[in-house]
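Following: one structure in C-alpha cells, then a few remarks.
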Protein chains: 2
Amino acid sequence: MIMGVKERKERDKLEMRDKILKSAHKLFLEKGFDQISLRSIAEAIEYSPATIYLYFKDKNEIFHALHQQGFGMLNQAFQPLTLIANPFERLNEMGKAYIQFATTNPEVYDLLFIRTEPMQHVATCMDDHWTEGDRAFEVLVQTVKGCQQEGYFVGLDTQNMAMMIWSFIHGLCALGISKHISHVKEARDKQMVIDDIMNNTYRTFQAMLERLKN
Amino acid sequence: MIMGVKERKERDKLEMRDKILKSAHKLFLEKGFDQISLRSIAEAIEYSPATIYLYFKDKNEIFHALHQQGFGMLNQAFQPLTLIANPFERLNEMGKAYIQFATTNPEVYDLLFIRTEPMQHVATCMDDHWTEGDRAFEVLVQTVKGCQQEGYFVGLDTQNMAMMIWSFIHGLCALGISKHISHVKEARDKQMVIDDIMNNTYRTFQAMLERLKN
DNA sequence: CAAATTTAATAAACGGTGTTCAGTTTTATA
DNA sequence: TATAAAACTGAACACCGTTTATTAAATTTG
C-alpha cells in the first residue's frame, strides 16, 4: 500500500467538484440561471452527465454550492464596512453596498435571496439551518443595536427593526431585479431609470431613519 | 351564410380559453407553479397538448392570463378598504391586507410579484406597459398623498415614499414566502413562527411611520 | 343534397431536461 | 499478474415546450 494515495484521491475529488462548480458558475453568469443544465456543465468539463452525480447528489446541491460561493462574494463586499465606527453611518453604507451588490450581480442576488432551489437543499440536507443567512443577519442586528445605543430607534425591538430594514432593502432589490418596477414614465434607458428609482427610494428610507433619533 | 355562426364560434373560443385557464389555475393551486405543464393541462381538459397552441401563443401567455386573474383577486381583497376614510388608517389596513393576501395565497403572490415569466410576456407583447401594476401603485400613491395632507411624511417625496412602503411590504412577503427567513429559534410550527415574524416586523414598520407625523 | 372550403384537433416528431443503472474502463492492492 | 475497488459512461426512462403535416369536422357554396 503506497502512502498518500488516499490523500491524492481526496484532492482529486475536491478538484473535480471545483471544476464542476467553476463551469456551473461560468454558465450561470453567461447564460443565466435557467440555462444551466447538467448536460451543458458536463459538456464544458468534458465528462458525461452521469459523472456529475458522483460528486453531487443532484442539481439542487450544485445550486446550493453556488449559493454558498455567492455568499462569499457578498461577505467580501461587506468586509470594508466593518471599519466604519459610527453605527448609523455603517448601516447606511451597508444598505448602499447591498443594493450595489444586487444591481451589479443580479443573477447572484437572485440565487441568494429569491430562488428557492438552494434553500430546498438547505431544508432537506442541512437540518434546515441556514448558517450563512443567520450570520449575515446577526451582523445587521448588531449594527442596529449600535444605532440604538446612539439614540436611534429607541423603544423599537432590535430584531424587528433589523428585519424591517432587511425587508425593505430586499424588497427594493427584488423588485428592481425582477422587472416589476414598471411605473417608469420614459422608456429611454430602462435600466438607468430603475437604478434611479432604487437610489431615490433608498434615500427616502435613509431620510426616514434619520428622523427616528431621540 | 347563417347568421350568428361567427358569434357562436367566438363564444366557443372564449370558453375554451377559459377551460384551459381554469385547469391551469387548478393545477397551479394544487401542485404549484413549477408543476404546471402544458401536457398536464391538456390531460385535464382532455385535449391534445397541441390544441392549447390554438388558443394561446405559448406557456408565458397562459401565465400572464393567470397573472391578470391573480390581480383580480388582489383588487377584490383591497375593495373594502376604499371605505376607510382616514388615509393613514387605510394605509395600515392596506399593508395588513397585502400581507394577508400573500400568506394565504403564496403561489398567487409568487406569480404576481416574484416570478418573471408573466412579466416577460408583458415585455414582449404588451408594449412593456404593466397596466395592472401601474393602477395598483397609483392607489398607494394617492393614499400616501392623503397621509401627507394629514401631516405625515412631510417633506418626503410622495412617489418615493410609496415606493419605499411597497418595497418594504413586498420584501417582507417575498422573504416570508420564499423560505429565506431562517433565523427562527424554535422549529416547532415553522409557518406560525414565520407569520409571527412578519406580523411583528410589520408592526414595527407601522410604529415607525406613526413617528413620522408633523 | 353534394362538393369544395374553411376550421379544429391531433399524432408524431424535435430537441431539450434531470436522473438512474447496468455495464465498461481505469486504477490500486495483494 | 490476478483481483478487488473505484471511476466513468452509454443508454435508457420519463418528462418537458413547441412545431408540423395530416386527418376529421363543420361550414359555406354551387
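In the text below, chain A, chain B and the rest are named by the order of the sequence lines, each starting its count at 1.
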I need the [atom1]-[atom2] distance between [X] and [N], as an integer number of Å.
X: A:E61; N: C:dG18; atom1: CD; atom2: P; result: 15 Å
X: A:E43; N: C:dG18; atom1: CD; atom2: P; result: 13 Å
X: B:F63; N: D:dT18; atom1: CZ; atom2: C1'; result: 14 Å
X: A:N60; N: C:dT19; atom1: CG; atom2: C1'; result: 13 Å
X: A:R17; N: D:dC8; atom1: CZ; atom2: C1'; result: 18 Å
X: B:E15; N: C:dA8; atom1: CD; atom2: P; result: 14 Å
X: A:I62; N: C:dT17; atom1: CD1; atom2: P; result: 13 Å
X: B:K13; N: C:dA8; atom1: NZ; atom2: C1'; result: 8 Å

Quiz item: cation-pi between B:K13 and B:Y55, 6.0 Å / 45° = yes

key: N-O pairing of A:K96 and A:E93 below 4.0 Å   = yes

ask   = In chain order, what residues pass the salt bridge (Lys or Arg N to Asp or Glu O under 4.0 Å) check against B:R90, with sequence neighbours excluded?
value = none

inquiry  = Is there a side-chain contact between B:Y202 and A:M164 in this structure, where contact means two heavy atoms from C-beta onward sitting under 4.5 Å apart?
reply    = no

ask   = Would you call B:V108 and B:L112 a side-chain contact if the rule is heavy atoms closer than 4.5 Å?
value = yes

query = In Å, rounded to the nearest 0.5 Å, how long is the span from CD of A:Q191 to OG1 of A:T103?
reply = 8.0 Å

request  = Could you grab the distance from atom NE2 of A:H121 to atom CZ of A:F63, nearest 0.5 Å is fine?
outcome  = 12.0 Å

message = Please list, in numerical order, the residues of residues 27-41 of chain A that have a heavy atom closer than 4.0 Å to any atom of DNA chain C.
response = A:I36, A:S37, A:L38, A:R39

key: Close approaches to DNA chain C from residues 49-59 of chain B, in residue order (heavy atom, under 4.0 Å)   = B:A50, B:T51, B:L54, B:Y55

query = Quick check, are the ring centers of B:F137 and B:W130 under 6.0 angstrom apart?
reply = no

key: B:F168/B:Y98 aromatic ring centres below 6.0 Å   = no

